[in-house]
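Below is one structure, written out as structure tokens; the observations come after it.
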Amino acid sequence: MNDHLARRRRTRRRWYLLLGTLLLVNVMVFGAFAYLRSLHSAVVDEVTVAPEVDAALTVRPESSSDPIVFLVIGSDSREGLPEGWEDDYGDFGGQRADVIMLAQLLPDQGRVQLLSLPRDLRVDIPGRERAKLNAAYAYGGSELMVETVQASFGVPVHHYVEIDFAGFAAIVDEVGGVAIDFPAPARDRKSGLSVEAGSQLLDGREALAYARSRSYEELRNGSWTFVEANDIGRTARQRQVVGAIISELVTPGIVMDAPGVVSSLARHMVVDSEFRELDFAGIAWGFRSFDRSAIDSATLPAEDRLIDGVAYLVPVEDEADRMLAAFRNGGSLALVAGGAPPRVSVLNGNGTDGLARAWEAWLTDRGFDVVEVGDADGDYPVSQVVARRGGDELASELVGMLAFGEAVTGSVDAGADLVLVLGEDAEFPGEG
């Protein structure tokens, strides 16, 4: 009898535990939906919409797991600058595109790509003569800028985001500042930058001065020396600050206060009409495990050229083509920017006919040099990206792009940098 009662009590406890667990899961699910809906409302209520840009945009993918490309414009409008800041930026009427950047979200990989387009790039502007890229904004605003970027670089633009000086600084202040490492004391007497060496927490005004610096100097061996004091150097600094902002936005403290932060950020944004209809829940799910290492960034390779007495930047053809191809296909910008493409051997370790050849094409499209395709010795339950000792970062980069497998250290033939062994977790590209 006692045993029977004990069993009944244990059974009741199990049911209570199960019901409690189900209740907790439901609370978490409905709480998450309410939370994400509040994020969406924060954007919808606060952003400024520019419907004139809609006609120039490419229709975004239907699936929330597909890549989404944003054209991000930093306008040099002085409107809204706090009192006393004007001396840092000069007194210019109107507004120009001071920052031009393509940002791509890859939810299926949990990665973000930032590709800077220097504003002095010489391009064909639709309906106009060849000119610097930022002239498209001066000629025809957001619509002509989108048309020019898509026509010149072959990249679809799904959404448009614009922010001015005051808004950029406000975003940095809203996230509590951004940490930037300086190898030496640095300054820019034109933008107002002045910092000591080491990791510095920059506020909005300092971050803006750093991102806008074109006369950047470092104190080396007792004297001030210009370092990357040009448009290319400035784009790298801009991406560094944007990457730091993104990193701060996913920290636990900011995430907990996300509706308030997003609302504040949205007040400084001009966007296309469809931006407000983005599937924030789907995107957030794709980036649920996002970390700082998932930000992949580069500047489109370009070189100085004097044409008809005007100083331009002209894309370096082969390098720029590889960079754009990597961006369009979700390849690694950092690897392409590193020089020669990484060499990869692809081995089939699960016996599926044609699998290695399919991944050969996928890797080639993303800037890799596939030097061998063959069969592995034996079957592999889990795919491996094998690198020599010291090549861990390269192997991890490829694993992140594949979204399956694991990076390991091992033996690699002299003709390759990596070996990709396709295991049972590998499917044909696009089927995962």
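Side chains are part of it too, since the values below use all heavy atoms of this structure and drop only hydrogens, waters and symmetry mates.
Considering every non-hydrogen atom in both Val382 and Gly405, the closest pair reads CG1-CA, 4.2 Å. Contact record, His268 with Ala170: NE2-CB, 3.3 Å, taken as the closest heavy-atom pair. Annotation for Pro126 and Leu144: closest pair O-CD1, 3.7 Å, computed over non-hydrogen atoms. Of all the heavy atoms in Ala103 and Val72, the pair that sits closest is CB-CG2, 4.2 Å. Considering every non-hydrogen atom in both Gly154 and Arg328, the closest pair reads O-CD, 3.0 Å. Across all non-hydrogen atoms, the minimal contact from Asp188 to Ser215 is OD2-N, 2.9 Å.
Once rounded to the nearest 0.5 Å, the distance linking CG of Leu208 with CG of Asp173 reads 10.5 Å. Rounding to the nearest 0.5 Å places CG of Leu106 at 8.5 Å from CG of Asp296. Here the OG-CZ distance, from Ser191 to Arg212, works out to 7.5 Å after rounding to the nearest 0.5 Å. If you take NE2 on His158 and CZ on Phe275, they are separated by 14.0 Å, rounding to the nearest 0.5 Å. Of the inter-residue distances, the one linking Leu418 atom CG with Phe368 atom CZ reads 7.0 Å to the nearest 0.5 angstrom. A distance of 4.5 Å separates CG in Leu333 from CD in Gln113, rounded to the nearest 0.5 Å.
Here the side chains of Lys132 and Arg122 are not in contact, with every heavy-atom distance at 4.5 Å or above. Counting heavy atoms from C-beta on, the side chains of Val161 and Asp272 never come closer than 4.5 Å. Using a 4.5 Å cut-off on side-chain heavy atoms (C-beta onward), Ile180 and Gln240 make contact. Between Met401 and Trp362, some side-chain heavy-atom pair lies under the 4.5 Å cut-off. Here the side chains of Arg111 and Leu105 are not in contact, with every heavy-atom distance at 4.5 Å or above. Looking at Leu121 and Leu300, their side chains come closer than 4.5 Å, going by heavy atoms from C-beta outward. Between Met323 and Leu115, some side-chain heavy-atom pair lies under the 4.5 Å cut-off. Side-chain contact between Pro381 and Asp425: absent, with no pair of heavy atoms (C-beta onward) separated by less than 4.5 Å.
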Checklist entry - side chain to side chain contact (heavy atoms under 4.5 Å, CB included) between Tyr139 and Asn134: does it pass, once the steps are laid out? => result CA-CA 9 Å; Tyr139 290 151; Asn134 70 340; over 6 Å; no
Checklist entry - After noting the C-alpha distance and the side-chain angles of Met145 and Ile73, does the key distance pass the side chain to side chain contact (heavy atoms under 4.5 Å, CB included) rule? => result CA-CA 9 Å; Met145 177 59 84; Ile73 299 296; 3.9 Å; yes
Checklist entry - side chain to side chain contact (heavy atoms under 4.5 Å, CB included) between Val241 and Phe168: does it pass, once the steps are laid out? => result CA-CA 10 Å; Val241 174; Phe168 182 88; 3.4 Å; yes
Checklist entry - Are Phe70 and Arg60 close enough, and set up right, to give a side chain to side chain contact (heavy atoms under 4.5 Å, CB included), and what steps lead you there? => result CA-CA 10 Å; Phe70 299 77; Arg60 74 167 180 260; over 6 Å; no
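A cation-pi arrangement, defined by a distance under 6.0 Å to the six-membered ring centre and an angle within 45 degrees of its axis, is absent between Arg305 and Tyr312.
Between the Trp224 side chain and the Ala186 main chain, no donor and acceptor come within less than 3.5 Å of each other. Looking at Asp203, its side chain never comes within 3.5 Å of a backbone N or O of Gly177 through a donor-acceptor pair. Counting only distance, with no hydrogens or angles, the side chain of Asp54 and the backbone of Ser273 share a donor-acceptor pair below 3.5 Å. Arg237 places a side-chain N or O within donor-acceptor distance of the main-chain N or O of Ser213, the cut-off being under 3.5 Å.
Between the side chains of Gln200 and Tyr210, no donor N or O sits under 3.5 Å from an acceptor N or O. In this structure, a donor-acceptor pair under 3.5 Å is absent between the side chains of Glu424 and Asn350. Counting only N and O atoms by type, the side chains of Thr299 and Thr235 include a donor and acceptor under 3.5 Å apart. For the 3.5 Å distance criterion, the side chains of Arg388 and Thr409 fail to qualify, holding no donor opposite an acceptor. Side-chain contact check for Glu162 and Tyr137: at least one donor-acceptor pair (N or O, by modelled atom type) lies under 3.5 Å. For the residue pair Thr58/Gln150, the side-chain donor-acceptor check at 3.5 Å is satisfied.
Arg189 CZ: 12 or fewer foreign heavy atoms inside a 6.0 Å radius. In the displayed structure, Glu196 atom CD is contacted under 6.0 Å by at most 12 heavy atoms of other residues, nucleotides or ligands.
Remark: Arg357 engages Glu360 in a salt bridge, criterion side-chain N to carboxylate O under 4.0 Å. One finds a salt bridge joining Arg130 and Asp124 here, because a Lys/Arg side-chain nitrogen approaches an Asp/Glu carboxylate oxygen to under 4.0 Å. Comment: Arg234 engages Asp98 in a salt bridge, judged by a side-chain N to carboxylate O separation of less than 4.0 angstrom.
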